[in-house]
2 protein chains.
Amino acid sequence: MTEWVPDERIAALKVPTPPGWTDVALADLHGTMSDHAHAEKKAALSALSLMSKEPSRTALVGRMAKLAREELRHLDQVLGHLRARGWELRRDLPDRYAARLLSLRRRDGPAALVDRLLCAALIEARSWERLNLLGEALEADLGVFYAELARSEAGHYRLFVELAAQECPGEDVQARLARLADAEADIIASLPHEARIH
Amino acid sequence: MTEWVPDERIAALKVPTPPGWTDVALADLHGTMSDHAHAEKKAALSALSLMSKEPSRTALVGRMAKLAREELRHLDQVLGHLRARGWELRRDLPDRYAARLLSLRRRDGPAALVDRLLCAALIEARSWERLNLLGEALEADLGVFYAELARSEAGHYRLFVELAAQECPGEDVQARLARLADAEADIIASLPHEARIH
């Protein structure tokens, strides 16, 4: 079996999305897009929560505010595509993928911030990979939309890894990232395919 | 004593901000602006929470997503003004004003949605009034900023009142608004002046 080499923009990921996810996601595109809308919202909420937790880290605060704005711009765009198809937003469902990854983070001291940033980096990387898969699989306006969205989200993984290095200079960011990425790969392998971003 | 007539853009408010608040707010402008940044963030969070609670109300969902974007644009702007002065964002403090107003809302059935929308309308109205006071009291770039901000926020009160009428046609929106506005006036009168938006 050939080893998977991730796109450099999501370099930390250890495994690709398993074959079959895209078919499930496309079979209920309404569900997938609705979940995607909530995923953009939750990414904004997570950035704002990080900002609130670390108010004195001015660089981080500024980056998170801008990131949250970008995620809400994407939310607005997904909602527009849902409306154009006459599809209601569905209820937000708990995100087992993110919850399991975040449950592994350390809670105290500088390690807590590193882990939070690196979990965010991995979630962004995985989201990017899947938006890209949708962009490749879909046609017409939705194909263009998802391909453009993936392009615009591509820097988020790197943003979080860089912030971890800048804000927590005493931590071994790369070693911790590799370890959390191993865990992320296990989570991806163990979750069933659903019509959701993850 | 002459009766106070509120600006038509915040028509429901029963009392003006008591004299003295502006002096306290200006005496610790760093604190006031930091609180203002968090207030914009909390307004965005509230809009996103309402969106999540009522996913099938497509018009409301779209309005809340756009409102949240606008609030985060303002957050970004306030953070820029803080940075320009070398002022860190301070810790977010509980908002006793909003908590007390929201504690009065009914929790079940269509009344819950009406009350949530009307509380949001009153909070927006009060915020607008105070941003306007800051715009009048401040000079140079900050005076311009707050005056422009107030202009751009002026429609939010009306947005929430209109949504209440549209989404809950069986409710007496005006009567309930007047009643909540009485309560809001009592809360405003009872809280001490602080270097905060409210």
Side-chain angles (χ1 to χ4, degrees), chain A residues 30-95 149 152 167 196, chain B residues 30-95 149 152 167 196:
Chain A
H30 177 183
T32 302
M33 288 176 66
S34 181
D35 183 68
H36 173 212
H38 287 297
E40 297 286 358
K41 177 195 73 184
K42 284 185 268 201
L45 295 178
S46 167
L48 294 174
S49 153
L50 198 47
M51 187 189 98
S52 291
K53 234 182 154 67
E54 304 285 345
S56 64
R57 295 179 188 267
T58 301
L60 181 146
V61 164
R63 303 299 288 271
M64 290 302 104
K66 288 202 192 308
L67 180 64
R69 285 185 69 181
E70 192 179 336
E71 309 285 16
L72 290 195
R73 185 165 61 80
H74 298 164
L75 165 64
D76 212 4
Q77 291 170 330
V78 191
L79 291 174
H81 283 286
L82 284 166
R83 274 196 305 273
R85 283 157 184 78
W87 290 344
E88 281 178 2
L89 182 64
R90 292 192 185 153
R91 194 155 291 286
D92 191 6
L93 300 167
D95 183 340
L149 202 59
S152 126
E167 299 291 335
R196 307 189 59 179
Chain B
H30 176 183
T32 303
M33 289 176 66
S34 181
D35 184 68
H36 173 214
H38 287 297
E40 297 285 358
K41 176 196 72 184
K42 284 185 270 202
L45 294 178
S46 167
L48 293 174
S49 153
L50 198 47
M51 186 189 100
S52 291
K53 235 183 153 67
E54 303 286 345
S56 64
R57 295 179 187 268
T58 301
L60 180 146
V61 163
R63 303 299 289 269
M64 290 302 105
K66 289 202 192 308
L67 180 63
R69 284 184 71 180
E70 190 179 336
E71 309 286 16
L72 290 195
R73 186 166 60 80
H74 297 164
L75 164 64
D76 212 5
Q77 291 171 330
V78 191
L79 291 175
H81 283 286
L82 284 166
R83 274 197 303 273
R85 283 157 185 77
W87 289 345
E88 280 178 3
L89 183 64
R90 291 191 187 154
R91 194 155 290 287
D92 192 5
L93 298 168
D95 184 339
L149 202 59
S152 124
E167 300 290 335
R196 306 189 60 178

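The structure displayed is predicted, hence computed values, not measured ones. Values reported hereafter were calculated over all heavy atoms of this structure, with side chains retained and with hydrogens, waters and symmetry mates removed. Throughout, a chain's letter reflects where its sequence line sits, starting with A, and its residues are numbered from 1.
- The parts of B:Arg73 that come within reach of chain A are both its backbone and its side chain, each placing non-hydrogen atoms under 4.5 angstrom from that chain.
- Annotation: side chain of A:Leu82 is not in contact with side chain of B:Thr58 (no heavy-atom distance under 4.5 Å).
- Comparing B:Glu88, B:His38, B:Glu71 by heavy-atom pairs within less than 4.5 Å of chain A, the highest count is held by B:Glu88.
- In this structure the side chain of A:Leu72 never reaches within 4.5 angstrom of the side chain of B:Lys66, judged on heavy atoms.
- For a residue to count as touching a neighbouring chain, one of its non-hydrogen atoms must lie under 4.5 Å from one of that chain's; by this rule B:Arg90 touches chain A with the backbone only.
- Within the 4.5 Å cutoff, no side-chain heavy atoms of B:Arg85 are placed close to those of B:His30.
- Considering only heavy atoms from C-beta on, B:Lys42 comes within 4.5 Å of B:Asp92 through its side chain.
- Top candidate by heavy-atom pairs under 4.5 Å with chain A, chosen from B:Ala65, B:Ser56, B:Gly62, B:Ala44, is B:Ser56.
- Contacts between B:Leu79 and chain A at a heavy-atom distance below 4.5 Å involve the side chain alone, from C-beta outward.
- Among residues at least two apart or in separate chains, salt bridge (Lys or Arg N to Asp or Glu O under 4.0 Å) pairs with a member in residues 31-40 of chain A are A:Asp35-A:Arg196.
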